Amino acid sequence: MITRDDIRELANFHSPETCAVTFYYQPTTPLNKSHREESILVKDLVRNALRDAEKHGRNGCARPDLDRIQGMAEGLRGNGGKAKAIFACSKQGLWREFDIPAQLLKTNLFVSHRFHLKPLAAVLDGVQHACVVLVDRTKARIFELVNDEIVEKQDFVNELTRRGKSDGWRGYDAGHVERKQMNEALQHFKTVADCIEPYFERKSCDRLLIGCHDDVWPEIHRELHSNSKQRLVGHFRIDPKVATPDQTKQMATEQLTQYNSRLQQGLIHEVIGEAHRNGRGAIGLRRVLRSLETGEVQTLLLGSNFQASGVKCHHCGHMDLHDAPVCAVCGKENTQLEDIGDAIVGYAIRNGIDIVYIADDEQFDQIGRIAALLRFRADQNTSVKAAS
Ligand SMILES: [Zn+2]
């Protein structure tokens, strides 16, 4: 499984000789569709990349990697329904290969100074890693939900209650039994909270959902530790004793989808509001590029369908949406980019900027499918004001 550290490492990679090869493979659906077509497509992409490199007078340093990818084309055969991402630079001895969810837009190949991370980052952003806990007064079940797969990790009953029952309750008055049960349930919730917390301490999960009966929710919530509380999405109503993993997955996924959608809507509104009152919001490509270069950006919002051509200067790193032959900042030669979104994503990852991908949102489409929430406004900085 690819991690955020892997992505950061790939984003920092730079090939001065232009031999960083990025290959994305998206299996055709249905899976049994002609694998021959797939391998022809890959071979065409490789041939075009080689021709392109020759045309620009490069020394062919990408050739060993392109040959290797071409050699793989026959064997991909749908890749078991998974997509594939390969990042390679034989000159610097790098070859990284990842199987990822089959959610890429298409099979594609790039040879450049840097790796193309936009498709990968967008797919990974969609991957949820949630801890789902079903709990009642006597039982608890802990699941991990990754994308579409749910696995039950732990299953335990309240041992105190079990012991209590085997001892029998004869001899206690009714009030005493009730108090005893309440204390035991409370102890059980504390144990459950202790078991959940490590899932967030070691950062294997980034969301928490609790399935329980409504009446015990406040008591469970009270016992949760700090990391768990921070990652809490909410609770849903389910019978922990009889729920199947599939039912649990369905309820949890619904909650997660609603939660993410609310989060995105909130961000879009905040950015638009801030931009309109001339505050900490930037909307549209021109404004976002300027904010990136002045270091203002805290969170980048990027439409999953964002694409725009542009140029980049590999000497000073300046990105521009104008198709100019030379860099507006340093005067060196610009490189044409089919999609400036790729360069923006790479820049954001290298600089520790959060990226939020926005899928299918009409309002977001209207503002140009790119926006940013800013940490500060460089033009409202007092020293800049004083200087101008
Ligand atoms: Zn420049």
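Both ligands and their constituent atoms are indexed starting at 1 by order of listing. Everything numeric here is computed off the predicted structure, so don't read it as measured data.
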Exercise. Do you see a donor-acceptor pair shorter than 3.5 Å between the side chains of Gln154 and Tyr199?
Worked result: yes

Problem set entry | His318 backbone or side-chain N/O/S under 2.8 Å from the Zn ion (ligand 1) | no

Exercise. Are Leu145 and Leu209 in one and the same hydrophobic cluster, where Ile, Leu, Val, Met, Phe, Trp and Tyr link if side-chain heavy atoms are under 4.5 Å apart?
Worked result: yes

Exercise. Taking the Zn ion (ligand 1) as the vertex, how big is the angle to SG in Cys313 and SG in Cys330, rounded to 10°?
Worked result: 100°

Exercise. Do the ring planes of Phe115 and Phe87 sit parallel (below 30°), tilted (30 to 60°) or perpendicular (above 60°)?
Worked result: perpendicular

For this session: Verify, without hydrogens or angle tests, whether Glu184 (side chain) and Arg137 (backbone) share a donor-acceptor contact under 3.5 angstrom.
Result: no

For this session: Give a yes or no on whether Cys316 keeps an N, O or S atom under 2.8 Å from the Zn ion (ligand 1).
Result: yes

